[in-house]
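Here's the structure, in structure tokens; my notes come after.
Convention: sequence-line order gives letters A, B, ...; per-chain numbering from 1. Values below: every heavy atom of this structure, side chains too, minus hydrogens, waters and symmetry copies.
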2 protein chains.
Amino acid sequence: MKDIKHFLRQNSLRPTKQRVIIANYLFDGVNKHVTAETLSNKLLKMKAEISLATIYNTLHDFYEKGLLKKLMINSERIYFDTNTEHHHHFYSKKDQKLIDINVDMKVSGLPKPPKNKKINKIEVLVHLDN
Amino acid sequence: MKDIKHFLRQNSLRPTKQRVIIANYLFDGVNKHVTAETLSNKLLKMKAEISLATIYNTLHDFYEKGLLKKLMINSERIYFDTNTEHHHHFYSKKDQKLIDINVDMKVSGLPKPPKNKKINKIEVLVHLDN
DNA sequence: TATCAGTTTAGAACGATTCTAATGTATTGA
DNA sequence: TCAATACATTAGAATCGTTCTAAACTGATA
């Protein structure tokens with residue numbers, strides 16, 4: 001609790017009640033993928049009623065401080081990932097679920113990027129059948 | 001024109017005026033990435049006023065017949081790709097532009113998929129900086 | 001050419017997200 | 001410690017891409 005307050009302050013975020021609750025959940029050491037909706041549901045189960053607007057604000061605030069990653073998954077929702085290291089994913093469309101790939105992968109045979117463009121990062125998405 | 005009508009019929013799609021116009025544009029031999037909005041704009045420039053609802057319907061109809069691919073790009077929009085072969089992309093967020101990668105790439109170091117799951121396909125998205 | 005299933009359309013509805021503006025709260029510095 | 005104020009939270013309205021609705025239209029068929 002104290003740690004989380006410190007942690008928020010260190011990231012120039014006021015440790016408000018809501019942010020502390022959300023940060024405690026998100027940064028408990030277990031990497032998570034959340035959307036505003038799944039996070040809201042989880043918080044309700046934890047008896048923490050926090051408005052959707054605040055959840056959106058908080059996710060974006062955390063994202064802006066680099067505490068969360070936005071995922072490049074096509075879906076109606078925006079996914080936020082507590083694992084901010086560069087990594088890849090398995091994706092099961094059927095289950096609408098993402099699974100981290102935490103091993104190093106190499107992509108070979110990459111063509112040159114277009115003129116005046118530089119490669120920022122490479123994302124690999126492994127689609128699962130079932 | 002005749003060819004496009006045939007082409008539509010062969011894919012169990014009635015060659016209506018609107019579908020013919022859209023198919024003529026999309027399948028002119030040059031691969032394209034479109035969203036409902038960019039397609040609508042293009043059609044307006046070609047003096048073809050087709051309602052947004054029809055554009056959405058048509059894109060989905062074509063998708064369902066396998067004539068278009070839906071792209072897994074995070075963006076507010078859904079991108080459709082006239083290149084239905086398996087391939088990868090460069091993506092410039094700044095330009096909101098996709099560029100096909102038409103060379104074979106290999107991904108090595110892939111971990112085993114989760115239990116009972118099979119890998120369907122691997123998609124590589126190369127993010128560009130500028 | 002009449003019939004009818006399939007198609008198009010304007011506009012309403014939808015669902016995720018953002019905005020608004022009123023209220024509340026953490027920080028500050030006297 | 002407390003008042004001032006800058007920042008946060010909130011309910012509900014607004015927005016935006018997309019889908020739905022139901023009425024009008026059109027291509028296929030007999």
Side-chain angles (χ1 to χ4, degrees), chain A residues 1-2 4-26 33-44 47-65 67-68 70-80 96, chain B residues 1-2 4-25 33-44 47-65 67-68 70-80 93 96:
Chain A
M1 200 71 94
K2 258 275 179 39
I4 281 288
K5 285 192 181 182
H6 259 97
F7 172 74
L8 290 172
R9 276 205 199 85
Q10 273 164 4
N11 285 283
S12 320
L13 289 164
R14 273 200 200 165
T16 64
K17 202 167 28 157
Q18 292 84 344
R19 284 178 179 165
V20 167
I21 291 169
I22 293 175
N24 257 317
Y25 168 65
L26 289 178
H33 305 112
V34 302
T35 67
E37 206 195 357
T38 65
L39 178 54
S40 174
N41 290 339
K42 190 62 83 175
L43 292 169
L44 285 178
K47 311 279 180 199
E49 265 194 50
I50 298 178
S51 78
L52 253 189
T54 299
I55 289 172
Y56 278 105
N57 288 340
T58 304
L59 287 172
H60 283 123
D61 294 343
F62 287 4
Y63 170 70
E64 247 139 51
K65 302 301 181 187
L67 306 178
L68 293 174
K70 254 189 212 173
L71 291 188
M72 304 292 283
I73 301 304
N74 189 34
S75 149
E76 311 306 271
R77 333 272 159 84
I78 295 169
Y79 280 87
F80 289 90
Q96 289 251 1
Chain B
M1 199 72 94
K2 256 277 179 35
I4 282 289
K5 284 192 183 184
H6 259 97
F7 172 73
L8 290 172
R9 277 205 200 86
Q10 273 164 4
N11 286 284
S12 321
L13 290 164
R14 271 200 202 166
T16 64
K17 201 165 31 158
Q18 292 84 345
R19 284 178 179 164
V20 167
I21 291 169
I22 294 175
N24 257 316
Y25 168 65
H33 305 110
V34 301
T35 67
E37 206 195 358
T38 65
L39 179 54
S40 174
N41 290 339
K42 191 62 84 175
L43 291 168
L44 285 177
K47 310 278 181 202
E49 265 196 50
I50 298 178
S51 78
L52 253 191
T54 299
I55 288 173
Y56 278 105
N57 288 340
T58 303
L59 287 172
H60 283 124
D61 293 344
F62 287 4
Y63 170 69
E64 247 141 50
K65 302 300 183 190
L67 306 178
L68 293 173
K70 253 189 213 173
L71 292 187
M72 303 290 282
I73 302 301
N74 189 34
S75 150
E76 312 305 271
R77 333 274 158 85
I78 295 168
Y79 280 88
F80 289 90
K93 190 173 189 167
Q96 289 251 3

All ring-ring contact (aromatic ring centres under 6.0 Å, His included) counterparts of A/Tyr56, not counting sequence neighbours = none
What integer distance in Å separates B/Tyr63:OH from D/dT19:C1'?
-> 16 Å
Could you check how far CD of B/Gln18 sits from C1' of C/dT7, rounded to whole Å?
-> 8 Å
Any side-chain N or O of B/Ser51 under 4.0 Å from OP1/OP2 of C/dT9?
-> yes
Heavy-atom check, side chain of B/Thr58 versus side chain of B/Leu39, under 4.5 Å | no
Side chain to side chain donor-acceptor pair (under 3.5 Å) with A/Glu37: which residues, sequence neighbours excluded?
-> A/Arg77
Rounded distance in Å - CG (A/Leu8) to P (D/dC7) | 17 Å
Return the value, rounded to whole Å, for the distance between atom CG of B/Leu59 and atom C1' of C/dT8.
-> 15 Å
Could you state the CD1-P distance from A/Ile55 to C/dA16, rounded to the nearest angstrom?
-> 13 Å
Protein heavy-atom contacts under 4.0 Å, written 5' to 3' over nucleotides 20-30 of chain D as B (base), S (sugar-phosphate only) or - (none), form the string B-----BBS--
What's the NE2-C1' distance between B/His60 and C/dT8, to the nearest Å?
-> 17 Å
List for me each residue that meets side chain to side chain contact (heavy atoms under 4.5 Å, CB included) alongside A/Lys42, sequence neighbours excluded, and say none if there are none.
-> A/Tyr25, A/Met46
For A/Thr54, which residues count as a side chain to side chain donor-acceptor pair (under 3.5 Å) partner, sequence neighbours excluded?
-> A/Ser51
Here the distance between atom P of C/dT17 and atom CG of A/Leu39, to the nearest Å, is 12 Å
Take the protein atom CG of B/Leu13 and the nucleotide atom C1' of C/dT8, then report the distance between them rounded to whole Å.
-> 15 Å
Per nearest nucleotide of DNA chain C, the residue lying toward the 5' end, B/Leu52 or A/Tyr56, is B/Leu52
Partners passing ring-ring contact (aromatic ring centres under 6.0 Å, His included) against A/Phe80 (at least two apart in sequence or in another chain) | A/His60
